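Reviewing the structure listed below.
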Amino acid sequence: MAKKTIPDWVYQCLDQYGNCACGRNLTKKLGKEGLIQELEANGYPCELEILSDSTDEEYPKEGTYIVVSKNREILLDSEDTENEEDY
């Protein structure tokens, strides 16, 4: 799979924030596992969280689809270290 399947803005959000609300359309198009596998293949190991009141739909229309970087802890720790060095 090529990196272009997932839009660049998803990667930019992951780089900057460690998470990204990627949306239902992208998640449904690639499939839950397909999305996670492609991100991991491109160096972005992530977990997918779907926040919704509906439990009976695989891809709830009113859900919030968020990919969270597994490397987020590393990013947060490095930011804390950088901030401590400023003092």
Side-chain angles (χ1 to χ4, degrees):
M1 283 187 259
K3 185 175 178 177
K4 289 298 175 190
T5 306
I6 296 177
D8 288 338
W9 60 266
V10 173
Y11 294 104
Q12 291 168 349
C13 284
L14 288 170
D15 286 338
Q16 188 169 3
Y17 305 111
N19 63 60
C20 182
C22 60
R24 179 179 185 262
N25 291 341
L26 179 64
T27 305
K28 191 172 179 181
K29 175 182 168 186
L30 297 175
K32 295 174 185 177
E33 286 302 314
L35 176 62
I36 296 303
Q37 288 172 0
E38 183 170 342
L39 287 167
E40 189 164 341
N42 288 305
Y44 292 82
C46 293
E47 295 177 346
L48 175 65
E49 297 179 13
I50 300 174
L51 308 174
S52 174
D53 291 337
S54 175
T55 57
D56 53 338
E57 292 181 72
E58 186 174 5
Y59 298 99
K61 290 182 181 180
E62 300 300 321
T64 302
Y65 296 76
I66 303 171
V67 286
V68 179
S69 175
K70 291 181 181 179
N71 296 331
R72 184 171 182 191
E73 290 299 319
I74 296 168
L75 293 172
L76 292 174
D77 288 344
S78 69
E79 285 179 6
D80 288 343
T81 303
E82 289 173 6
N83 290 337
E84 289 174 4
E85 291 173 359
D86 292 340
Y87 294 107

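These numbers come from a predicted model, not from an experiment.
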Determine, stepwise, if the pair Asp53 / Glu62 fulfils side-chain contact (heavy atoms from CB on, under 4.5 Å).
CA-CA 8 Å; Asp53 291 337; Glu62 300 300 321; over 6 Å; no
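Closest non-hydrogen pair, Tyr59 versus Lys32, comes out as OH-N, 3.3 Å. Closest of all the heavy-atom pairs between Val67 and Cys46 is CB-CB, 4.3 Å. Contact detail for Cys22 and Leu35: the closest heavy-atom pair is SG-CD2, 3.9 Å. The minimum heavy-atom distance between Pro7 and Leu26, with the atom names listed, is CD-CD2, 3.9 Å. Between Ile6 and Tyr11, the closest heavy-atom pair is O-CE1, 3.6 Å.
Considering only residues two or more places apart in sequence or on other chains, Pro60 meets the side chain to side chain contact (heavy atoms under 4.5 Å, CB included) condition with Ile50, Ser52, Ser54, Glu57, Tyr65.
The CG atom of Leu30 sits 6.0 Å away from atom CD of Glu38, with the distance rounded to the nearest 0.5 Å. Rounding to the nearest 0.5 Å places CH2 of Trp9 at 9.5 Å from CG of Leu14. Between atom CD1 of residue Ile36 and atom CD of residue Glu33 there is a gap of 7.0 Å, rounded to the nearest 0.5 Å.
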